[in-house]
Q: 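After the structure tokens below, expect a handful of questions from me.
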Amino acid sequence: MLMTFCLLYLFTEEEVRGPPPSPTVTYITSFAPDRTDAEIIETNIENQRKKDEREAQFLAREERRKEMYRALARASGMDPEEIERQAAEEQAREEAAAETSTSQSDPGNSSSGDSEAGTTGGDAAE
């Protein structure tokens with residue numbers, strides 16, 4: 001009987017724990033919370049200036065790269081202006097084809113889709 005009691009005691013003993021403590025949230029701020037509107041405008045103007053400088057540097061690097069490829073084409077006996085013209089024509093054809101396929105796959109953008117607009121049931125529920 002003592003053995004039964006000991007076994008029951010071991011199985012019925014519960015350990016109760018409370019909920020874990022809530023985490024402490026630490027907010028990281030990049031800007032002073034008491035900035036004035038003038039300071040905000042000033043930093044926005046400065047950031048836009050930096051962005052414009054990076055864009056200008058990117059465009060200058062891109063133009064330099066194109067000029068190096070033009071020089072390589074000339075040294076190879078090719079006409080870089082003709083190559084650029086063909087590339088521009090091909091890009092225009094691809095864009096036109098993409099626009100055509102987009103307008104054909106979306107009947108809402110074409111004029112023939114107007115007759116089907118009332119049959120979708122989107123506004124009928126209102």
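Since the model is a prediction, treat every value here as computed from it, not as a measurement.
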Q: In Å, rounded to the nearest 0.5 Å, how long is the span from CD of Q91 to CD of E84?
A: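 Reported to 0.5 Å precision, the distance equals 12.0 Å.
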Q: Measuring from Y69:OH to I83:CD1, what's the distance to the nearest 0.5 Å?
A: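 Taking OH in Y69 and CD1 in I83, the distance rounds to 12.5 Å.
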Q: Between E67 and R64, is there a salt bridge with N-O shorter than 4.0 Å?
A: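 Judged by the 4.0 Å cut-off on N to carboxylate O distance, R64 and E67 do not form a salt bridge.
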Q: Strictly below 4.0 Å, N to O, side chains only: are E53 and R49 in salt-bridge contact?
A: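 Between R49 and E53 there is a salt bridge, with a charged N closer than 4.0 Å to a carboxylate O.
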Q: Look up atom CD in E39 and atom CD1 in I41, then write down how far apart they are to the nearest 0.5 Å.
A: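 E39 CD to I41 CD1: 11.0 Å, rounded to 0.5 Å.
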Q: More than 12 heavy atoms of other residues, nucleotides or ligands under 6.0 Å from CE of M3: yes or no?
A: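 No, not enclosed.
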Q: Is E42 atom CD crowded by more than 12 heavy atoms from other residues, nucleotides or ligands, each under 6.0 Å away?
A: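 No - once you tally the heavy atoms of other residues, nucleotides and ligands closer than 6.0 Å, there are 12 at most.
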Q: Does one side chain, of E90 or Q86, offer a donor that lies under 3.5 Å from an acceptor on the other?
A: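 E90 vs Q86: no donor-acceptor pair found between side chains.
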Q: Run E81 and R74 through side-chain contact (heavy atoms from CB on, under 4.5 Å) and show every step you take.
A: CA-CA 10 Å; E81 287 77 18; R74 283 187 203 98; 3.7 Å; yes
Q: Should we count CG of D37 as having more than 12 external heavy atoms under 6.0 Å?
A: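 No, the 6.0 Å shell around CG holds no more than 12 heavy atoms from other groups.
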Q: Atom CD1 in I45, atom CD1 in I40: separation rounded to 0.5 Å?
A: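 Result: 12.0 Å between the selected atoms.
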Q: So, R85 and E82, do they make that salt bridge, N to O below 4.0 Å?
A: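 Looking at E82 together with R85, the answer is yes, because their closest N to O distance falls below 4.0 Å.
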Q: Less than 3.5 Å apart, any donor N or O on the side chain of Q48 or N44 sitting next to an acceptor on the other?
A: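 Checked: Q48/N44 side chains show no N/O donor-acceptor pair below 3.5 Å.
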